[in-house]
Visitor: 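Encoded as structure tokens, here's the structure I'll be asking about.
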Amino acid sequence: MPDDTIYEDLGVPSVVNATGTKTRIGGSRIRPEAVDAMNRAADAFVRLSDLQARASDLIADVTGAQAGYVTSGAAAALALGAAACIAGDDIGAMAQLPDTEGLPGEIVMARTHRTGYDHALRAAGARIVDVGTNDHHLGTGAQNVEPWEYADAITEDTAAVAYVQKPYTEPSLEAVCDVAHDHNVPVVVDAAAELPPVTNLEAFIDAGADLVAFSGGKAIRGPQTTGFLAGRAALVSSVAAQHLDMHAAEAVWEPPTTLVDPEALGGVPRQGIGRPMKVGKEELAGFIRALDAFKAEDHDARQREWRARSERIAATLDSVAGVRTSITAADKTAVAPELTVTVEAGSAGISATEVVGALRREEPRVFVGADDLPEAFTVNPMCLTDEETTYVDERIRAQFDA
Ligand SMILES: *Cc1c(COP(=O)(O)O)cnc(C)c1O
């Protein structure tokens, strides 16, 4: 299995990825057309704002939003989205962030939508105001949060409502957008990993979201350090003004008007809060090609290929004592059909935790999903080739035979 990777050359063990698009092991396998675009981008210069304007047109086209912007990942998109909601087109406010004194610095979120990634919102200076309870999860009630609870938390200090999109998040995005818009507050959606289905490119904009953050390095298979925002033109302009390199002489500052309106800003902004999250010409060119290719892909064929890989491994493990397998039902598939392997350590002779640990210590390292430990591990087919599926199948089986 992979023994001629760049990582072996560097003396670092490579990984066979059976856990999906996880950043800590490199995300996804970038598309060849995106690599080609990056190589060509590396060899010539371009004004980044022109390339961002080109990307904005493509993002608008595939999402139905007014505009878009490429960031250094979905997390950076959240930070920049928060900065845009707080500062708007006020260049003084842009210069002040992350200090939000005197600015609307609060972002309202359902307590059950809080994740580690919302640190990105706080990085822009926002303070998160939690609403609702955890009733549904705990079984102490039917609802986690009611629309009126959002309304109650929105004040003149509110910059935005943030929403984490998952197939099961409550209340519906439509309901939350209705409440927020009644109070003239924008809604920022974290949909980083909600592709495929490809229809989700448009779904959250259709539902009323003002900014949606997606990852470019997950299923889109663009450069790993890309993500993007799709949304309202005014907010995207604010993002651009806070992200583009701004050592600009005003007399010759002519950014593309589809992206930044110098008249509305009334001057050249300072280097903004987004400047440490820069995106290079290589990432931009690679991302544009990858998003084009993702949109054009045969998504049904992809799902069938993924399911076949999960089924192959399930068939091998089903005969092992103490092991039970299940594959995400076709109608429940939000992203890829994943195999869950439940291990009863007593009869299997090894626990799920031991299997996962042993696989990670191999060379190459084999990464299966560890989120369901200690009872089960998962195998995600998204980042496996057929050859690697055979290898993973053998290596998992070997742990039980040892
Ligand atoms: C992956 C993920 C992110 C971060 O995306 P990057 O593109 O790696 O920055 C943010 N939010 C959620 C819910 C994610 O799954």
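As the structure is a prediction and not an experimental result, all values here were calculated from the model. Remember, it's 1-based here, ligands and their atoms both numbered in the order they're listed. If you read the sequence from its start, that first residue is 1, and numbering goes on from there.
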Visitor: Can you establish whether the number of heavy atoms outside Arg360 located under 6.0 Å from its atom CZ is more than 12?
Guide: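 For Arg360, atom CZ is crowded (more than 12 foreign heavy atoms under 6.0 Å).
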Visitor: Provide the full list of ring pair (Phe, Tyr, Trp, His ring centres under 6.0 Å) pairs with a residue in residues 23-75, sequence neighbours left out, each pair given once.
Guide: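 Passing the test, one end in residues 23-75: Tyr69-His243.
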Visitor: Using a strict cut-off of under 4.0 Å between a residue heavy atom and any atom of ligand 1, list the qualifying protein residues by chain and number.
Guide: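 Only Thr23, Gly73, Ala74, Ala75, Tyr117, Asp190, Ala192, Ala193, Ser215, Lys218 have heavy atoms that fall under 4.0 Å of ligand 1, ordered by chain and number.
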Visitor: Report the distance from atom CG of Leu384 to atom OG of Ser310, rounding to the nearest 0.5 Å.
Guide: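 Answer rounded to 0.5 Å: 8.5 Å.
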Visitor: Tell me which one of Thr316, Thr342, Asp318, Thr340 satisfies side chain to side chain donor-acceptor pair (under 3.5 Å) with Thr325.
Guide: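 Of the listed options, the one satisfying the test is Asp318.
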Visitor: Could you list all the ring pair (Phe, Tyr, Trp, His ring centres under 6.0 Å) pairs where at least one residue sits in residues 337-377, not counting sequence neighbours?
Guide: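 Listed by first then second residue: nothing to list.
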Visitor: Would you list the pairs meeting ring pair (Phe, Tyr, Trp, His ring centres under 6.0 Å) in which at least one residue belongs to residues 298-317, sequence neighbours left out?
Guide: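 Every ring pair (Phe, Tyr, Trp, His ring centres under 6.0 Å) pair that includes a residue of residues 298-317, provided the two are not neighbours, is Phe294-His299.
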